[in-house]
Amino acid sequence: MSKTRKDAPADETAKNAQLLIKAGFIHKEMAGVYAYLPLGLKVVENIKQIVREEMNAIGGQELIMTGLQAQELWLSTDRWDDELVDIWFKTKLKNGADVGLAWSHEEPITNMMKNHVSSYRDLPSYVYQFQTKMRNETRAKSGIMRCREFVMKDLYSYSLTEKDHNKYYQKVMTCYHKIFERVGLDHITYPTFASGGAFTQFSHEFQTICDAGEDIIYVDEAKNIAINKEVFTDEVIAQLGLNKTDLVEKKAAEVGNIFSFGSTKSEQLGLYFDDKDGSQKPVILGSYGIGVTRLMGVIVEAFSDEKGIVWPENIAPYKVYLAALGEDAEVTEAANNLYDKLEAAGISVLYDDLEAHPGEKLNDADLIGLPYRVVVSKKTVSEGKVELKARNSEETTLVSADELLAKLKV
RNA sequence: CGGGGUAUGGCGCAGUUGGCUAGCGCGCCGCGUUUGGGACGCGGAGGCCGCAGGUUCGAGUCCUGCUACCCCGACCA
């Protein structure tokens, strides 16, 4: 297992970064750029898997685009110029050609779809990926919540008609609710009206209440809906049928976002299909993001206490933290046996079998924040039992190995 | 990009009006003792004091420039 530290690094003030670094989940390479250590990677993969399952459930097909992007595509949509998009990382090939490091994939993926869409029979099509985005932010901040390099899930929908698109858009809304429910954040996450674009008045963001967030939203808790400050006017409130007195101002972090492009980008990039009647029409495009690594940061912000992280079970890197206290042969043997049993039962275990004092192990258990802590010690061995404690509870119980398995299996 | 702050072993810090071989805690290595909430003894290893210039007999300490990092603001998934 990776090492924990007693002291938080002095150059981090964000709770998520302090805890994740202390507990050995991430490593800071530079401002806004973090490596994911074995524990952290497991969390990222768990989040991705939940998102992946829900994407697949609404017909998404996973693929992966490239990190290097050709300049010409972005010229054609007028998004290459630094004056218009100021977060580009740009570089050159040996032959002098300009390339950009991916900060979004809307252009390349839509351009690529020209190879796959030519008839109404080819639509709809829904594709998504998990990709590292590079954004040259003027100010990275809040640990892993606003990075220059981060993992994002982006889904793109290609629809025949506006009507089909709107249906799918609603489907994604529902799907996002499920995702945030599964990662444990649904109760503090609100679909939020935000500024739209050329085609729609609004886009939708999924905002999670979080002090470390960067957005101000106005929440109607009863209706489970919110308005982003950027479009918060009396007119909009009335238009959405909300009451100003029901709206509470909150700080929030944008964890997801869904957006309609209409046919603009398709027209710019030349993505058309032949309809039944032989006419050529532009494909209707939608784009749907979830910041995977940011989500991880928000989860840590939302689920932690003074002792450490409290991972929701669905995304915890392991289910159980197994600590053997003391160096007695019988304790070690009992712990080893228990570890084998748990593994055999398919329960993921982080086994702390290093030589360390009980206090260190117990503190590490709290800091790392796995859902369950199982302790094997002289005391428990003498009673033929083990001690079980949930991270989110103060209560410890002595149970037999079989009882433990039965409890954790659920 | 505006404003403010910081930079000294892996981590957290001290270092006086410029002065001897740059310290402390944690962590690390060795030996021994210890084991239910971050133990103890003894012995070790580890530093171009962010970088580059300058002042001085002498710079971690003073001056200039640069860089990195943090916070507030602007901007953004």
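All values reported here derive from a predicted model rather than from experimental measurement. Lettering follows sequence order; numbering is per chain, from 1.
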For the side chain of A:Arg135, counting heavy atoms from C-beta on, which of B:rU34, B:rC76, B:rC28 is nearest? B:rC76
Kindly assign one of parallel, tilted or perpendicular to the pair A:Trp311 and A:Phe25, based on the angle between their ring planes and the thresholds 30° and 60°. tilted
Looking only at side-chain atoms of A:Met152, point me to the closest of B:rU34, B:rA77, B:rC71. B:rA77
Pairing partner (Watson-Crick or G-U wobble, both distances under 3.5 angstrom) of B:rA14: none
Output yes when A:Arg373 and A:Glu387 qualify as a salt bridge under the 4.0 Å nitrogen-oxygen rule, no when they do not. yes
In whole Å, what separates the P atom of B:rG54 from that of B:rG44? 40 Å
Give one of base, sugar-phosphate or nothing for A:Asn257, where a contact means two heavy atoms less than 4.0 Å apart. sugar-phosphate
Tell me the partner of B:rU21, counting only Watson-Crick (N1-N3 plus N6-O4 or O6-N4) or G-U wobble (N1-O2 and O6-N3) with both under 3.5 Å; none if nothing fits. none
When all nucleic acid strands are considered with a 4.0 Å heavy-atom cut-off, which category describes A:Thr380: base, sugar-phosphate, or nothing? base
What interatomic distance, in whole Å, is found between P of B:rG38 and the corresponding atom of B:rC1? 49 Å
Rounded distance (Å) that lies between atom P of B:rC69 and atom CD of A:Gln18: 18 Å
Nearest listed nucleotide, side chain of A:Arg294, among B:rA77, B:rG12, B:rG36: B:rA77
B:rU35 and B:rG50: how far apart are their P atoms, nearest whole angstrom? 44 Å
Once you measure the plane-to-plane angle for A:Tyr126 and A:Tyr168, does it fall in the parallel (<30°), tilted (30-60°) or perpendicular (>60°) bin? parallel
Have a look at A:Thr13 and say if it touches a base, only the backbone sugar-phosphate, or nothing, with a 4.0 Å heavy-atom cut-off. sugar-phosphate
Checking all strands, does A:Leu325 fall into the base, sugar-phosphate, or nothing category for heavy-atom contacts under 4.0 angstrom? base
Report the distance from atom CG of A:Asp364 to atom P of B:rG27, rounded to the nearest whole Å. 12 Å
Determine the Euclidean distance between corresponding C1' atoms of B:rG4 and B:rG47; express it in Å to zero decimal places. 30 Å
Select one nucleotide: of B:rA74, B:rG36, B:rC28, the one nearest the side-chain heavy atoms of A:Lys3. B:rC28
Give me the distance, rounded to whole Å, that separates B:rC20 from B:rG15 when you measure between the C1' atoms they each carry. 15 Å
Respond yes when some side-chain nitrogen or oxygen of A:Lys307 is under 4.0 Å from OP1 or OP2 of B:rG38, and no when none is. no
Any donor-acceptor pair under 3.5 Å linking the side chain of A:Thr110 with the backbone of A:Glu107? no
Indicate the ring-plane relationship of A:Trp88 and A:Trp74, choosing parallel, tilted or perpendicular according to the 30° and 60° boundaries. perpendicular
Any-strand Watson-Crick or G-U partner of B:rA68, both distances under 3.5 Å: B:rU6
Is B:rC42 paired to anything, Watson-Crick or G-U wobble with both distances less than 3.5 Å, and if yes, which nucleotide? B:rG30
Out of B:rG38, B:rG36, B:rA74, minimum distance to the side chain of A:Thr138 belongs to B:rA74
Contact nearer the 5' end of RNA chain B, comparing A:Glu360 with A:Glu254: A:Glu360
Can you tell me the pairing partner of B:rC48 across any strand shown, Watson-Crick or G-U wobble, with both distances under 3.5 angstrom? none
Minimum-distance nucleotide to A:Ala31 side chain [options: B:rG37, B:rC13, B:rC69]: B:rC69
If you look at every strand shown and take non-hydrogen atoms under 4.0 Å, does A:Ala8 touch a base, only sugar-phosphate, or nothing? sugar-phosphate
If each of A:Glu12 and A:Asp366 is mapped to the nucleotide of RNA chain B with the nearest heavy atom, which maps nearer the 5' terminus, i.e. the 5' end? A:Asp366
Measure from OH on A:Tyr321 to P on B:rG37 and round the result to the nearest Å. 15 Å
Any donor-acceptor pair, under 3.5 Å, between the side chain of A:Arg139 and the base of B:rG73, if you only look at N and O atoms? yes
What nucleotide, of B:rG12, B:rG37, B:rG38, holds the atom closest to the side chain of A:Asp7? B:rG12
Any base atoms under 4.0 Å from A:Lys153, or only sugar-phosphate, or nothing? Heavy atoms, all strands. nothing
Is it the case that B:rC76 (base atoms only) and A:Arg148 (side chain only) share a donor and an acceptor within less than 3.5 Å, ignoring hydrogens and angles? no
I need the CE-P distance between A:Met145 and B:rC70, as an integer number of Å. 15 Å
Which nucleotide, B:rC76, B:rC71, B:rU35, lies nearest any side-chain atom of A:Pro358? B:rU35
Give me the distance, rounded to whole Å, that separates B:rA45 from B:rG10 when you measure between the C1' atoms they each carry. 13 Å
Distance, P atom - from B:rG65 to B:rA22, rounded to whole angstrom: 30 Å
Relative to each other, are the rings of A:Tyr128 and A:Phe130 parallel, tilted or perpendicular (30° and 60° limits)? perpendicular
Sticking with atom C1', work out how far B:rU6 lies from B:rG60, rounded to a whole angstrom. 15 Å
From CZ of A:Arg146 over to P of B:rA74, roughly how many Å is that when rounded to an integer? 11 Å
What about the rings of A:His165 and A:Tyr158, do their centers lie closer together than 6.0 Å? no
Nearest whole Å is fine: how far is B:rU35 P from A:Leu354 CG? 19 Å
Selection from B:rC76, B:rG12, B:rG27 that lies nearest to any side-chain heavy atom of A:Pro9: B:rG12
Would you indicate what A:Val375 reaches in the nucleic acid, counting non-hydrogen atoms under 4.0 angstrom: base, sugar-phosphate, or nothing? base
So what does A:Glu205 hit on the nucleic acid, given a heavy-atom distance under 4.0 Å: a base, only sugar-phosphate, or nothing? nothing
Pair A:Asp215 + A:Lys250, salt bridge at N-O below 4.0 Å: no
Report the nucleotide, chosen from B:rC11, B:rC69, B:rG38, that has the shortest atom-to-atom distance to any side-chain atom of A:Lys28. B:rC69
A:Glu230 atom CD is separated from B:rA74 atom C1', nearest whole Å, by 15 Å
Has the side chain of A:Ser304 got a donor or acceptor atom that lies under 3.5 Å from a matching backbone atom of A:Val300? yes
